[in-house]
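Everything below concerns the one structure shown next.
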Amino acid sequence: MSASDDTAGFVAAQWTRVTGVGVDPHEYRRVTDGLASVADWGPAFLRTGREHLERAEDAGSSLSAGTHLLAAARWFHSATLAPYAEAARAAAAADDALGRALALLEPGARRVSGEGFTGWLRVPPAGRDGRDGRDGDAVGTVIVVPGLDSAKEEFLDLASALLARGLAVFAMDGPGQGVLAASSVLVPEYEEVVGRVVDALGVPRVGLVGLSLGGYFAARAAALEPRVAAAATVSGPFRLDWDELPPPVQDMVVRRTGGVDAAREFARHVDLAGLAPRITAPLLVVDGGQDVIPGVTNGEPLARSAPRGTHLSVPHGDHLLGNARPDWLPRLADHLAHTLTGA
């Protein structure tokens with residue numbers, strides 16, 4: 001297979017994920033059509049993000065400027081999805097662009113950071129009246145947990161769906177994720193991170209939604225952190241078998257954990273068999289039928305073992321189900337809203 005074939009395959013494989021992030025599909029095609037190799041992905045996406053920053057500077061309104069800044073954040077984050085020496089710089093640029101966008105579009109949003117986490121607490125539209133957003137008019141608070149190579153900038157559509165249902169949303173990066181990937185490594189004990197987040201938010205209980213590896217983090221936290229009152233996972237692993245994982249996935253785990261031995265030890269911890277029965281909160285587990293990764297057990301055993309678990313399998317869904325959002329996103333958002341409000 002030629003390098004151009006490899007590049008075309010990578011571009012095709014990332015299509016639903018990147019467009020699911022919110023990148024314009026036509027702009028995606030224009031940018032990726034010019035790639036000679038996968039190594040060109042990061043620089044091209046970083047360059048496109050900077051073009052949106054320039055548009056934001058020249059925008060005629062704060063709404064237009066904020067929209068361009070959100071686009072820049074999406075492009076900068078997407079730059080990190082291929083091996084890229086400047087990934088840390090791209091993640092920092094995504095973080096900065098998101099913060100600048102929210103300052104213009106949602107003045108009620110506030111940065112919340114602590115040991116091993118950082119993110120943005122966003123409040124529903126009715127609560128954007130100058131109050132601090134911790135209570136406001138939100139009917140509950142949901143923490144959005146990213147995965148192995150995702151970040152808080154990736155799931156803005158999920159945040160919008162939750163905000164529209166009156167929920168406050170804390171989109172976070174944890175250890176080894178997003179803007180924190182350059183200064184920390186992944187840890188399996190994510191329930192400790194979630195506990196510190198809940199303390200910092202000052203709320204009595206939360207909902208959790210985890211995506212990809214974040215599904216494991218969310219399920220583990222739901223089993224061990226009593227303040228988790230509702231949970232959902234999307235394409236989350238029930239168990240990992242290190243020896244069967246594809247080399248690109250192994251390489252990413254090695255980079256995010258700090259070495260081969262650490263990666264193997266981390267993968268050994270990703271096993272929810274003993275924890276699933278301890279998840280007492282209502283749990284929705286979403287899987288795509290086309291999401292088949294060697295060495296990864298999907299979420300069906302998690303839903304079956306959790307006392308209040310429900311499994312939603314979308315036959316045509318891929319990893320993160322970016323090609324099937326209408327089939328699961330409204331249901332997941334309703335699940336969290338109904339559970340947290342008691343409706």
Side-chain angles (χ1 to χ4, degrees), residues 18-24 27-28 31 42-81 84 86-114 117-125 127-134 136 138 141-146 149-164 167-174 177-184 197 200-201:
V18 175
T19 56
V21 170
V23 164
D24 180 83
E27 192 171 26
Y28 178 81
V31 172
F45 276 56
L46 197 63
R47 183 170 57 251
T48 307
R50 288 173 178 153
E51 291 171 357
H52 278 283
L53 292 184
E54 294 172 0
R55 293 171 190 160
E57 293 296 328
D58 296 334
S61 68
S62 59
L63 176 60
S64 294
T67 300
H68 283 303
L69 287 165
L70 283 180
R74 293 177 171 112
W75 280 98
F76 288 142
H77 165 65
S78 298
T80 70
L81 300 183
Y84 183 36
E86 299 294 326
R89 186 155 61 97
D95 178 77
D96 179 70
L98 176 61
R100 291 171 58 191
L102 292 177
L104 292 174
L105 300 175
E106 298 180 20
R110 63 184 178 98
R111 186 86 179 214
V112 181
S113 301
F117 72 89
T118 190
W120 286 94
L121 178 64
R122 300 169 61 188
V123 297
R128 295 173 192 163
D129 56 4
R131 286 176 284 180
D132 63 15
R134 281 176 288 186
T141 300
V142 177
I143 301 171
V144 178
V145 179
D149 61 348
S150 52
K152 62 187 179 300
E153 293 82 18
E154 183 160 344
F155 306 116
L156 297 176
D157 62 335
L158 170 59
S160 295
L162 297 170
L163 290 165
L167 298 166
V169 179
F170 183 67
M172 65 174 287
D173 293 330
Q177 297 172 318
V179 74
L180 300 183
S183 58
S184 61
V197 170
L201 297 180

Any side-chain heavy atom of [X] sitting closer than 4.5 Å to one from [Y]?
X: Leu98; Y: Leu156; result: yes
X: Leu53; Y: Leu69; result: yes
X: Leu162; Y: Arg122; result: no
X: Leu81; Y: Asp149; result: yes

Legend entry - Glu86 and Arg47: CA distance, side-chain angles, deciding distance, salt bridge (Lys or Arg N to Asp or Glu O under 4.0 Å) verdict: CA-CA 12 Å; Glu86 299 294 326; Arg47 183 170 57 251; over 6 Å; no
Please check: side-chain N/O of [X] versus main-chain N/O of [Y], any donor-acceptor pairing under 3.5 Å?
X: Asp173; Y: Thr118; answer: no
X: Glu154; Y: Pro146; answer: no
X: Ser64; Y: Gly60; answer: no
X: Ser78; Y: Arg74; answer: yes

Taking all non-hydrogen atoms of both residues, which atom of [X] and which atom of [Y] are closest, and how far apart?
X: Ile143; Y: Met172; result: CG2-SD, 3.5 Å
X: Ala79; Y: Ala90; result: CB-CB, 4.0 Å
X: Ala72; Y: Ala97; result: CB-CB, 4.2 Å
X: Ala182; Y: Ala88; result: CB-CB, 3.7 Å
X: Gly49; Y: Phe76; result: C-CZ, 3.5 Å
X: Leu46; Y: Tyr84; result: CD2-OH, 3.3 Å

Legend entry - Salt-bridge criterion met for Arg111 and Asp95 (N-O under 4.0 Å): yes
Rounded to the nearest 0.5 Å, how far apart are [atom1] of [X] and [atom2] of [Y]?
X: Leu70; Y: Glu153; atom1: CG; atom2: CD; answer: 10.0 Å
X: Leu121; Y: Glu106; atom1: CG; atom2: CD; answer: 10.5 Å
X: Phe170; Y: Trp120; atom1: CZ; atom2: CH2; answer: 10.0 Å

Inset, instruction - Evaluate the criterion side chain to side chain contact (heavy atoms under 4.5 Å, CB included) for residue pair Phe45 and Val23; output intermediate values, then yes/no. - result: CA-CA 11 Å; Phe45 276 56; Val23 164; 5.6 Å; no
Legend entry - Stepwise side chain to side chain contact (heavy atoms under 4.5 Å, CB included) test for Val179 and Lys152: CA-CA 9 Å; Val179 74; Lys152 62 187 179 300; 3.9 Å; yes
Inset, instruction - For Trp75 and Glu51, run side chain to side chain contact (heavy atoms under 4.5 Å, CB included): C-alpha distance rounded to whole Å, both residues' side-chain angles, the deciding distance at 0.1 Å, then the answer. - result: CA-CA 10 Å; Trp75 280 98; Glu51 291 171 357; over 6 Å; no
Inset, instruction - Kindly determine whether Asp58 and His68 satisfy side chain to side chain contact (heavy atoms under 4.5 Å, CB included), including the steps that lead there. - result: CA-CA 10 Å; Asp58 296 334; His68 283 303; over 6 Å; no
